[in-house]
Amino acid sequence: MATSSITKNFVISGQKQVKMFADAIEASANNPTPPINVSATFLTDPKDIAKFMEKRKKANAGNK
């Protein structure tokens, strides 16, 4: 859900801003994001998890 990304308080003042905000909320509710199908493999074997984490560590090494 997107609610976890809202971390700032904001102030809506004036009739025009209130209407724009309400319209945006309504439009968002009327046009939900379609679900995205993904395939996933569940890892339960500690060896498989360690192997995956090592791959992840190597892939992210350039992002630091």
With Met20 via side-chain contact (heavy atoms from CB on, under 4.5 Å) - residues at least two apart: Lys16
side-chain hydrogen bond (donor to acceptor under 3.5 Å, both in side chains) contacts touching residues 42-55 (sequence neighbours left out): none
ring-ring contact (aromatic ring centres under 6.0 Å, His included) contacts touching residues 21-47 (sequence neighbours left out): Phe10-Phe21
Those residues that, when tested against Phe52, pass ring pair (Phe, Tyr, Trp, His ring centres under 6.0 Å) (two or more places apart): none
ILVMFWY clustering at 4.5 Å (side-chain atoms), partners of Ile36: Val38
Results of side chain to side chain donor-acceptor pair (under 3.5 Å) for Asp23 - residues two or more places apart only: Lys19
Nearest non-hydrogen partners of Gln17 and Val11, listed with the distance: OE1-O, 4.3 Å
